[in-house]
2 protein chains.
Amino acid sequence: MTDTNQTDAVPGRAITTPRSGKASATIYDIAALAGVNPSTVSRALSKPGRVSAKTQQKILDAAEELNYQVNIFARALPTGRTQTVGLIVSDITNPAFFDIIRGAETAAASRDYTLMLAESTESAEHEMTAAKRMLATVDGLILASPRLANEEIQELAAKKPIVLINRRVDGVASIVADTETGVAEAVRHLAAQGHTSISYVAGPERSWMSARRWESIKARCDWHGMKLSQVASGMPTVEGGRRAAAVVKDGEATAVFCYNDLMAIGLMRELQGAGVSIPEQLSIMGFDNIFGSDFTTPPLSTIKSPLHELGVTALSRLLEFIVPGDQAGVVESSAGTAAGAGTTAPGAVGQAGAEAGGAAVAALSTELVLRGSTGAARPA
Amino acid sequence: MTDTNQTDAVPGRAITTPRSGKASATIYDIAALAGVNPSTVSRALSKPGRVSAKTQQKILDAAEELNYQVNIFARALPTGRTQTVGLIVSDITNPAFFDIIRGAETAAASRDYTLMLAESTESAEHEMTAAKRMLATVDGLILASPRLANEEIQELAAKKPIVLINRRVDGVASIVADTETGVAEAVRHLAAQGHTSISYVAGPERSWMSARRWESIKARCDWHGMKLSQVASGMPTVEGGRRAAAVVKDGEATAVFCYNDLMAIGLMRELQGAGVSIPEQLSIMGFDNIFGSDFTTPPLSTIKSPLHELGVTALSRLLEFIVPGDQAGVVESSAGTAAGAGTTAPGAVGQAGAEAGGAAVAALSTELVLRGSTGAARPA
DNA sequence: TTGTACGCGTTATCAG
DNA sequence: CTGATAACGCGTACAA
């Protein structure tokens, strides 16, 4: 049987489009069934304990029988809570994000929150549009590597709780991986291999993280007395990396850091296509350790980012703002710092920044992953 | 300055947690400002045209001034519409899905819908949980490669509009890529290279698409008089592919199809690790053409799926159910088939399946991408 | 502990 | 064409 049409199922049977899937049960229905008042039902279901054990049971049974399900919109109206959080990433197709996404999604699901996803396609404008749309619906928002200006982010943060990933903005909560450790290892390794001149292929201009990585590398190179230069900047994609190949090839550096793995892969492949052999003639180091970075030949040396943890942590942090009460969901129990920003009043000026539990920090640090794309420096 | 703490921003300034971001304007506010009745405002804003031009203008101006924004929850209460659709994928970290996700997200955003994302982590149970949670919130749902049983899917479809990707279930709308063309090309190619015995590494038991691909391959092999056997089945991941290596190695087949690229990559790498050279001793063919499939050595030959289009099309189709009115958003203008399932009454039995515009079909077909992992059959 | 009554922001159904 | 008014489903002071 040929099977070409892509739209429909078995012929003869129409696709069922439930116009009005029988109106699901309300607390009124269950109140009637249990012989109590709707408000009692509401109490029993939302704050267990403020109702007698037997009525509680009756209500629960009735709810079960009618397989009741709260109407979150009706609930959202009086409370403003939606049990939903948003996540905006700059590029869904960048594998670096899907670990973040999964981390956030998993953490959200485990706390009975639902995740809304949007992407900005590397555009500040799109990002703002998506953010605004989401803000109407969501209890809080996570911005991963946002391209927005600081003021725009603060503006958003004034409306709903916001947590940033890999970005710092005054007055806004943020989770950022510590680049220092990984970079220190990486530069030390390169130095040991005889490299003395390094270059950095930067990411987008608006990328806070790209600047941050540059700074870290710069600091370590200075320390080792190595020369560092930025040779280019472009889209954080494979194509962006390819575009940088020409400049890199003409440079004198014997090793190059790329803003991320995507660029590193693009750069490497383009260079190889032009006849330069990696790592004999040039060492290449990426960032993030994304899916596929070990598929290349040679496999990519890179600085691994705690992507998954970034997502999980950001979500936990966001939920702390939204539900100041519970401490659940945080995997590592940080030292002892109990009071977070959650308990401080709206405009309170507390020193919430002081807490940096040892465990949590370790979990968010970067780490060198040595593979085949780096090696000894070519003779001068 | 050392930069180790991952949680907070600049010291001295507390993180702002807007308890009550100034209650945004309601239609009452704008009614007062425009000197009309709230209900008139509602009309003017929701169904333009049913109000006089001048009051319309006054209202629009007032709304602009107060930068009014509908409260979607309040709206959802009477109407049931949320301007939100859900997408559930089986594995967020599978690159095959992110093109689908992006396609759906983009299409949704362009129609002013927001996308909710969840994953089932290859578990039917998780999938059901996620689906139920979403059902309460969304106007419709897309299930990409669901692991649910047919009855469960029909059960869901009875409540809200649902569109399946790469899965067929009686009575439920679905978008599936046509495997035939790509497979035909692939098998023909293998036959020309002298292969006479092929094997198939299957995906999960519950994967409808895995069975479908097997059938397509089987049909073509029969046609060419080639021998085909299924050697294994497992998780559709790199690891799953690795696990199949042992069995494949002992088999007599000189070429192997894998359920997807992830498995193909895993299989290839494991085999190479065991000393077998690809494609000299064994040809490997993947499915989907995911990100990274061209990074391997040799680069993977594969059958490309129209991932992005799958996402876009599924979303458009879903919206046709939700908003039967508009035809926008469909990129390719199909031949002439105007009437869709949208106009049929709830329980109507129409032959909605007959329409299969030429353009749309072509866009969803698969295609052979020949790279280095396939070659001439090894001598018997 | 439980019932009463009202508000949340919109849409929808009536009259006028 | 426009103005009242009643839902929509739930939370919650307040009273009993």
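Reminder, nothing fancy here: chain letters follow the sequence lines and each chain counts from 1.
Taking every side-chain heavy atom of B/A74 into account, C/dT10 is the closest of D/dC10, C/dT10, C/dA12. Distance from the side chain of B/R75 is smallest to C/dT10 among C/dG9, D/dG11, C/dT10.
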Quiz item: Run the side chain to side chain donor-acceptor pair (under 3.5 Å) check on A/H126 and A/S120 step by step: do they pass?
Solution: CA-CA 5 Å; A/H126 287 176; A/S120 65; over 6 Å; no
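One atom, CG of B/D29, and another, P of C/dC8, lie 11 Å apart when rounded to the nearest Å. Nucleotide D/dG9 holds its P atom 14 Å from the CD1 atom of A/I30, rounded to whole Å. The distance between atom CD of B/Q83 and atom P of C/dT11, rounded to the nearest whole Å, is 11 Å. Taking atom CG of residue B/L77 and atom C1' of nucleotide D/dC8, one finds them 4 Å apart after rounding to whole Å. Taking atom CG of B/L45 as the reference point, atom C1' of C/dT11 lies 12 Å away to the nearest angstrom. Here D/dC8 presents its P atom at 18 Å from CD1 of B/I27, a figure rounded to the nearest Å.
For the pair A/L117 and B/E105, the minimum side-chain heavy-atom distance is 4.5 Å or more. A heavy-atom distance below 4.5 Å is found between the side chains of A/Q154 and A/V169.
A/F97 pairs by the ring pair (Phe, Tyr, Trp, His ring centres under 6.0 Å) definition with nothing, not counting sequence neighbours. When the ring pair (Phe, Tyr, Trp, His ring centres under 6.0 Å) test is applied to B/F73, the partners found at least two apart in sequence or on another chain are A/F73.
Taken over five-pair windows at either terminus, the axes of the helix from C/dT1-D/dA16 to C/dG16-D/dC1 are inclined to one another by 40° (rounded to 10 degrees).
Only one option out of B/I162, B/L156, B/N150, B/L143 pairs with B/V172 in a side-chain contact (heavy atoms from CB on, under 4.5 Å); it is B/I162. With B/R147 as the partner, the salt bridge (Lys or Arg N to Asp or Glu O under 4.0 Å) test is satisfied by one option alone out of B/E122, B/E119, B/E127, B/E152: B/E122.
Listed pair B/K47 / C/dT11 fails the phosphate criterion, with no side-chain N or O lying under 4.0 Å from OP1 or OP2.
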Atom pairs under 3.5 Å, N or O on each side, protein against nucleotides 2-5 of chain D: can you list them with distances?
residue : atom : partner : partner atom : Å
D/dT2   : OP1  : B/S52   : OG           : 3.0
D/dT2   : OP1  : B/T55   : OG1          : 3.1
D/dT2   : OP2  : B/S52   : N            : 2.8
D/dT2   : OP2  : B/T55   : OG1          : 3.2
D/dG3   : OP2  : B/N37   : N            : 3.1
D/dG3   : OP2  : B/T40   : OG1          : 2.6
D/dG3   : N7   : B/S39   : OG           : 3.4
D/dG3   : N7   : B/R43   : NH2          : 2.8
D/dG3   : O6   : B/R43   : NH1          : 3.0
D/dA4   : OP2  : B/N37   : ND2          : 2.7
D/dA4   : N6   : B/S39   : OG           : 3.3

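Side-chain contact of A/S52 with A/T55: a donor-acceptor pair under 3.5 Å is present, judged by distance alone.
Heavy atoms of A/S42 sit under 4.0 angstrom from at least one base atom.
For A/E125, the CD atom counts as loosely surrounded, since its 6.0 Å shell holds 12 or fewer non-hydrogen atoms of other residues, nucleotides or ligands.
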Would you give me the side-chain donor-acceptor pairs under 3.5 Å for residues 33-43 of chain B, sequence neighbours excluded?
residue : atom : partner : partner atom : Å
B/N37   : OD1  : B/S39   : N            : 2.8
B/N37   : OD1  : B/S39   : OG           : 2.9

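Contact check on A/E320 versus A/R317 returns a salt bridge, with a Lys/Arg side-chain nitrogen under 4.0 Å from an Asp/Glu carboxylate oxygen.
A heavy atom lying under 4.0 Å from DNA chain C marks none of the residues of residues 61-72 of chain A.
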